[in-house]
Amino acid sequence: MNWTLEVVIVPVSDLDRAKKFYADQLGFTVDHDTVISDDARIIQLTPPGSGCSIVIGKGVVPDMPPGSLKGLQLVVPDLKRAHEELVGRGVEVSDIQVVGQNPRPVPDPLDNVGFVFFTDPDGNSWGVQQISSRA
C-alpha cells in the first residue's frame, strides 16, 4: 500500500497576501479558493510538478500561529535556475549554499547538497534542494 503525503497546512495571517505570494511569486498553481462563509475559507495551491499541495485557510484548518511552520522543502533539478526564477519574481532568497558533501560522485556538485532558503510573508521557512536525478 502506498502512503502519499498530499497536503500540508501552512499557517498564515492574511489569506490574500499569502495567496499572492505563493501563486504570483513562487508560481504555485491555485487549485481552488473556496469561500464557505464569512468565517471559513480554504485555498489549495500546488508547486509545479508536485504531488503535494499546501493549504492556507481560516475556520476550516487547524489553528496554528502564523509563521510557525519551519523547514518545508522543495526539490528542483536545477538550483541555479530556480534561484534565478525566485530572484526574478521578487522573492528574498538566500545565495546558493552547499550543505554537507555527497557520499559518492554525482554529475553536478550541487546535487543533494545545494540549497537556497526563503520565508513567506508570515515567516514560514522553506528550503529548496537540488536533486537532478529526479528530473
Side-chain angles (χ1 to χ4, degrees):
M1 174 184 318
N2 290 335
W3 296 62
T4 61
L5 179 64
E6 299 287 336
V7 173
V8 174
I9 304 212
V10 177
V12 300
S13 61
D14 181 318
L15 294 179
D16 290 318
R17 178 182 71 179
K19 178 182 173 185
K20 184 174 176 61
F21 175 78
Y22 285 104
D24 296 346
Q25 290 190 265
L26 294 184
F28 288 19
T29 300
V30 178
D31 300 319
H32 65 85
D33 182 346
T34 305
V35 176
I36 300 161
S37 70
D38 288 343
D39 299 320
R41 179 179 174 196
I42 189 165
I43 304 166
Q44 182 171 329
L45 304 108
T46 304
S50 180
C52 185
S53 301
I54 65 165
V55 163
I56 56 177
K58 68 175 183 176
V60 291
V61 296
D63 188 22
M64 297 183 287
S68 62
L69 199 54
K70 307 297 182 192
L72 294 165
Q73 188 165 309
L74 299 166
V75 173
V76 297
D78 183 337
L79 190 61
K80 291 176 185 171
R81 186 169 144 218
H83 184 265
E84 289 172 5
E85 283 187 25
L86 290 172
V87 169
R89 292 172 178 251
V91 176
E92 290 186 29
V93 61
S94 73
D95 290 335
I96 292 175
Q97 301 174 29
V98 174
V99 180
Q101 58 188 94
N102 280 300
R104 61 190 177 287
V106 291
D108 185 313
L110 289 177
D111 278 348
N112 308 314
V113 296
F115 289 85
V116 296
F117 302 95
F118 65 89
T119 59
D120 74 8
D122 283 291
N124 296 298
S125 68
W126 290 82
V128 182
Q129 178 185 23
Q130 176 172 311
I131 302 179
S132 66
S133 62
R134 293 187 188 168

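It should be emphasised that the depicted structure is a prediction, and the values quoted were computed from it without experimental measurement.
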R81 atom CZ, over 12 foreign heavy atoms within 6.0 Å: no
D31 side chain reached by S53 side chain, heavy atoms, under 4.5 Å: yes
Any L86 side-chain heavy atom under 4.5 Å of L26 side chain: yes
Residue pair A18 / I56: nearest heavy atoms and the distance that separates them: CB-CD1, 3.7 Å
Beyond-backbone contact of L110 with K80, side-chain heavy atoms, under 4.5 angstrom: yes
Derivation of the side chain to side chain contact (heavy atoms under 4.5 Å, CB included) call for E85 and V91: CA-CA 9 Å; E85 283 187 25; V91 176; over 6 Å; no
Evaluation steps, side chain to side chain contact (heavy atoms under 4.5 Å, CB included), between I131 and N112: CA-CA 5 Å; I131 302 179; N112 308 314; 3.9 Å; yes
Interatomic distance, Q44 atom CD to T29 atom OG1 [nearest 0.5 angstrom]: 11.0 Å
Student check: side-chain heavy atoms of D16 and R41 closer than 4.5 Å: yes
Spacing of Q73 atom CD and F117 atom CZ [to the nearest 0.5 Å]: 7.5 Å
Distance (rounded to the nearest 0.5 Å) between S50 OG and L5 CG: 8.5 Å
Which atom of N124 lies closest to which atom of P11, heavy atoms considered: ND2-O, 2.9 Å
L74 side, atom CG; F118 side, atom CZ - distance, nearest 0.5 Å: 5.5 Å
Nearest-0.5 Å distance that lies between atom CG in D120 and atom CG in L72: 8.5 Å
Closest non-hydrogen atom pair, S68 against P65: OG-O, 2.6 Å
K20, NZ atom: more than 12 neighbouring heavy atoms under 6.0 Å: no
Side chain to side chain contact (heavy atoms under 4.5 Å, CB included) between V99 and Q129, intermediate numbers included: CA-CA 10 Å; V99 180; Q129 178 185 23; over 6 Å; no
Heavy-atom closest contact (G27 atom, P48 atom, distance): O-CG, 3.5 Å
Whether W126 and F28 hold their rings parallel, tilted or perpendicular, with breakpoints at 30° and 60°: perpendicular
Flag side-chain contact, heavy atom, 4.5 Å: L69 against V8: yes
Minimal non-hydrogen separation, S13 against P66, with atom names: N-CB, 3.7 Å
For V60, the option from T34, I36, V55, D39 that meets side-chain contact (heavy atoms from CB on, under 4.5 Å): I36
4.5 Å side-chain heavy-atom contact, Y22 and I43: no
Residue pair L15 / V12: nearest heavy atoms and the distance that separates them: CD2-CG2, 3.8 Å
